[in-house]
Structure formats: C-alpha cells, structure tokens
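Before any comments, here is the structure.
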Amino acid sequence: MRLAHHLTIRNGHLHINGQDCVALAEKFGTPLYVTSEDRVIEQFESYQKALGARYPKVQVLFAAKANGNLALMRALAAKGAGADVFSSGELHLALSAGMAPEKLLFNGSSKTPADLRLAVEKDVKVSLDSLDELHQLDAAAHAAGKTAQVSFRVNPALEVPTHPKIATGLATSKFGIPHREIPAAYREALACRHIRPVGIHCHIGSQILDVEPFARAAEVMVRIAKELTEMGVKLEFIDLGGGLGIPYHHDTDPAPTAEDYAAKVIPVFKAGVEACGITPELWVEPGRSLVADSTVLLTRVNSTKSAHKRFANVDAGFNLLIRPAMYDSYHEVIVANKADEPLATEYTVTGPICETGDIFAPDRKLPALAAGDIIAVLDAGAYGYAMSSQYNGRPRCPEVLLKGTQAGLMRRGETIDDLKAAIERPPWQA
C-alpha cells in the first residue's frame, strides 16, 4: 500500500510522525485518534506556495467543519490561516485559536438571529444564502450601529464527480442563490443601509478528485464578478471554496495536489479578474485535503469470529467515525502491530455499535488477527471526531497530537460522568 511520508513501517509496526502506533495505543488507550501537526502544516503551506506563486493576494481559510479541534486551529492560525465557519460555535473556536476576524467567513444556509448578531458583534464577514438572511442581517447591523460586510454564496449549478450528499453546487442543492439571480441579490444588498457587499463566494462540493470542475467554477465566478463590478460592487475577495479530495484508495485513486489545483484554476481566475479591471484577494477553503491524511484512528481487536464470513470486532464504531456507515466511504486499514505480515486472511472489521451498518472495512485481506491486535484506520482526520457522537452511551475517545518527537493530548477522553453532565432531572422526578 502506498503511504504518505509521515506514515512508515518499522520493525513490523506502523509509525506516524516517527512514533510507534502500538506504543501510542498502550500509553493513551484505545480507541484513539492520533494526528500529525507537522503533516497538517505541510499541507497548508503547499496551498500557500502553489497559489501564492501564481497570484499575489491569497488567503487560505481552513474549513473548520472538517476538524474543529482547537489545537489544530491554533497551529494553523500561527501560520496565517483564516477559517470558513458554519456556526457560532465554530466562530468562537476560530477566534479562540487566534484567527483574525477579517480572515473569517461565516457561511451556512440556515443561520439563526443569534448567529447573525454574533457575526456583527465580532466584525466577521457573512456569506449570505438568501435575501431573507440579507434583510435579517441588515436589521442586526442597524441595531448594533454597524455595517456588515457580506458576500453572497453562488450556486453555480455544476455537476461534479463526488458523492451526491456532498455535492453542494448542484442546481438542486440547498446551498446558495442560483447564479442567474446573483446580480439582483447584489442590487438589493447595495440598497441596504447597513450592508456593504465586499465579496462573492461559492463551494461546489467535497472529495473531488478532478481539478477541472474547480476551473469551471472559477469561470462562473469571474463572469459574475465582471457584471457585479460594472454595477458598482467593489469586490475585495472572490472565494472559490474548497473540496479538493484525497486518495482514500491509496493505490488507485488519483491524488490531485494543491499545485495541480493552482495550475488549473489560477490562469482562469487571473484572466477573469484582469478582464474586470480588479485585483481582489483569492480566498480558498481547504478542509479535508489539509487534515484527512494527518490522522489515524487506532482501535483494538476485542474478538474475532467466523460466521458467514470472518469478523474482527474492534472497540471503535461509527460513534467515532461515521463516514463508512453514512456514505459507504472507504478507509484503508493496517494492523499496526503486524504491519509487515502477509495479508493472508479476509476479515470484515466491525465496531461495537448496535447497528448492522457499523462496519469500518468489509472484506479486507489482513494478517491473521487475534484479540488485542491494534488496527489503524487511515485518513481519519477529516469528518472523524468532528462528526462523532455518544451513541449507545459510549464516551468519545481521546485525541493525541504529534509534533516532531513530542506527543500530547489535544482532547481528553470522555467519561461516564460526561455522558450525564448536561442531563437535568425534571421536577416531577425529584
């Protein structure tokens, strides 16, 4: 199996960042998320370098929904990252991480009045998803005695090669305003007393392994930008969103890089803005491609059995990594303590959740397994812990961060007391 350079096999054990996964599992327990901070920063800097070499005004916003751990967001903030945030919670995390308000964009199709008030209070730009939201934000800004800076989210009506549940730029998507209606939306925004349009925004989907759709989205955006410029909108940024995928099938998936993305998109973008006579910042919002392959989920084999097939029952389930159950997503798995042994036996790796769909890896060739073996689920850094739950009364596991030779908790494991912490006793049960 082809591995990224921060994952290695030494003395029969899988290592991440040079540290033995088996030793980490013994020290911190299982299940356990383990993340390489060095890999996240490497991926972030690859975007800065590839885009910045071709266009001078670039801002990389981390898609906080992919992995909202504050330690990772601090590391990215220290390198100059902003964030695409989708809730008041993500906005608070980004600010707590040290990200500058001017480098944040509050996105989302269903913001609450409290969300809009918070964006105004913190001077954070808002990506508007409807005219209703425009007028609610105008009222919130008026009440605060401020002017809100906004973009509109464009629905470019593009078909993209990804799972339909994460294709966000389809004509039928819940996100954004149809591209043909965007000029009228900006005219309405210009008429609002407490709104200043400063940008335009789109996002076409996630886990896209072909860079061509991003170039097509850029074409739509710069075409609209020209029309907006002609009507008097002063665009300070054009946000092309995120969505670049990663090779979950390590040996067969294409693996587009930030360099591939920049080489395809920047020429279209530059030609478009030059035709408009403007030099806005280019904003991009990578999430998965920054953090996914930085992380492994370590899980211990509880038992094996043979029924209609061989099962390896592990101590992590879709309460910790829901992607396989939710999207039929594929993740490579490696037996961390037998990483160089022959792949001789077919197993289906299943979790402890009371659902038939709690399967991490169906029908995989692995070394012969026994209780106590450690299985590493790869590419677990995006939409892993971020989408976890306490289903079946299972406390969530700890997260460990690695930097060089250092290893430390970036989130403690939950306890049974944490399951009960927010529960109240109704008065009739006193």
| said: For a salt bridge (charged side-chain N to carboxylate O under 4.0 Å, His left out) check, start with the C-alpha distance between R10 and D20, then their side-chain angles and the critical distance, and finish with the verdict. | reply: CA-CA 8 Å; R10 304 179 193 170; D20 188 335; over 6 Å; no
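- Contact between S88 and D115 at its shortest, heavy atoms only, is OG-OD1, 2.5 Å.
- Residues passing the side chain to side chain donor-acceptor pair (under 3.5 Å) test with S87, sequence neighbours excluded: none.
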| request: Show the numbers, then the answer: is there a side chain to side chain contact (heavy atoms under 4.5 Å, CB included) between V198 and R196? | output: CA-CA 6 Å; V198 295; R196 184 162 71 90; 3.4 Å; yes
| request: Could you please spell out the steps behind the salt bridge (charged side-chain N to carboxylate O under 4.0 Å, His left out) verdict for K79 and E45? | output: CA-CA 8 Å; K79 294 295 180 178; E45 290 179 340; 3.5 Å; yes
Throw together a table of side-chain donor-acceptor distances under 3.5 angstrom for residues 367-382, partners on residues two or more places apart or in other chains.
unit_1	atom_1	unit_2	atom_2	d
D373	OD1	N337	ND2	2.8
D373	OD2	K338	NZ	2.9
D373	OD2	A370	N	2.9
D379	OD2	H250	NE2	2.7

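- Checking S289 against Y47 by side-chain atom types alone, a donor-acceptor pair falls below 3.5 Å.
- For C276 against T229, the heavy-atom pair with the smallest separation is O-CG2, 3.9 Å.
- With values rounded to the nearest 0.5 angstrom, F86 atom CZ is found 7.0 Å from D84 atom CG.
- Take K27 and apply the salt bridge (charged side-chain N to carboxylate O under 4.0 Å, His left out) test, not counting sequence neighbours, and it matches no residue.
- Note that CD1 of I16 is 6.0 Å distant from SG of C21, once rounded to the nearest 0.5 Å.
- The aromatic rings of Y330 and H249 sit parallel, their planes meeting at an angle under 30°, below the 60° perpendicular limit.
- Side-chain contact check for Q207 and Y327: no donor-acceptor pair (N or O, by modelled atom type) lies under 3.5 Å.
- To the nearest 0.5 Å, atom NZ of residue K270 and atom CZ of residue R54 are 9.5 Å apart.
- A donor-acceptor pair under 3.5 Å is formed between the side chain of T348 and the backbone N or O of D363.
- Here the shortest heavy-atom pairing between Q406 and Q19 reads O-NE2, 3.2 Å.
- A 4.5 Å side-chain heavy-atom check between I195 and L134 finds at least one atom pair inside the cut-off.
- One distance of note links CD1 of I224 with CD1 of I238; it measures 10.0 Å at 0.5 Å rounding.
- Every residue was checked against the side chain to side chain donor-acceptor pair (under 3.5 Å) condition with K125, not counting sequence neighbours, and none meets it.
- Judged as a salt bridge (charged side-chain N to carboxylate O under 4.0 Å, His left out), and not counting sequence neighbours, E332 has no contacts.
- K49 NZ: 12 or fewer foreign heavy atoms inside a 6.0 Å radius.
- Rounded to the nearest 0.5 Å, atoms CZ (R288) and CG (N67) are 12.0 Å apart.
- Ring-plane geometry between F152 and Y186 is classed as perpendicular, the angle between the planes exceeding 60 degrees on a 0 to 90 degree scale with a lower cut at 30.
- No hydrogens or angles considered: nothing links the side chains of S389 and N319 as a donor-acceptor pair under 3.5 Å.
- No salt bridge links K403 with D38; every basic N to acidic carboxylate O contact stays at or beyond 4.0 Å.
- Aromatic ring pairs are classed by plane angle as parallel below 30°, tilted from 30° to 60° and perpendicular above 60°; the pair Y33 and Y385 is perpendicular.
- A donor atom on one side chain and an acceptor atom on the other are found under 3.5 Å apart for R323 and H331.
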| message | With side chain to side chain contact (heavy atoms under 4.5 Å, CB included) as the criterion, how do K226 and L228 come out once you've worked through the C-alpha distance, each side chain's angles and the decisive distance to 0.1 Å? | response | CA-CA 5 Å; K226 190 171 192 303; L228 298 181; over 6 Å; no
| said: side chain to side chain contact (heavy atoms under 4.5 Å, CB included) for M326 and M387? Distances and angles first, verdict last. | reply: CA-CA 11 Å; M326 187 171 184; M387 296 177 73; 3.6 Å; yes
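- Neither side chain, E42 nor H6, offers a donor N or O lying under 3.5 Å from an acceptor on the other.
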| said: Before you tell me yes or no, could you show the steps for E37 and L402 under side chain to side chain contact (heavy atoms under 4.5 Å, CB included), namely the whole-Å CA-CA distance, both residues' side-chain angles and the distance that decides it to 0.1 Å? | reply: CA-CA 6 Å; E37 178 181 321; L402 309 178; over 6 Å; no
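- Scored by the ring-ring contact (aromatic ring centres under 6.0 Å, His included) test, F311 finds H308 as partners (sequence neighbours excluded).
- With 3.5 Å as the limit, one finds no donor-acceptor pair spanning the side chains of W283 and E285.
- With T35 as the partner, the side-chain hydrogen bond (donor to acceptor under 3.5 Å, both in side chains) test is satisfied by one option alone out of T295, N69, N17: T295.
- Closest approach of V268 to V222, counting heavy atoms only: O-CG2, 4.3 Å.
- For the residue pair N313 / S303, a side-chain donor-acceptor distance below 3.5 Å is found, with atom types taken as modelled.
- Among R396, R411, R412, the single residue meeting the salt bridge (Lys or Arg N to Asp or Glu O under 4.0 Å) criterion with D418 is R412.
- Between K264 and E212 there is a salt bridge, since a side-chain N of the basic residue sits under 4.0 Å from a carboxylate O of the acidic one.
- Put simply, the side chain of N107 never gets that close to the backbone of V126: no donor and acceptor are under 3.5 Å apart.
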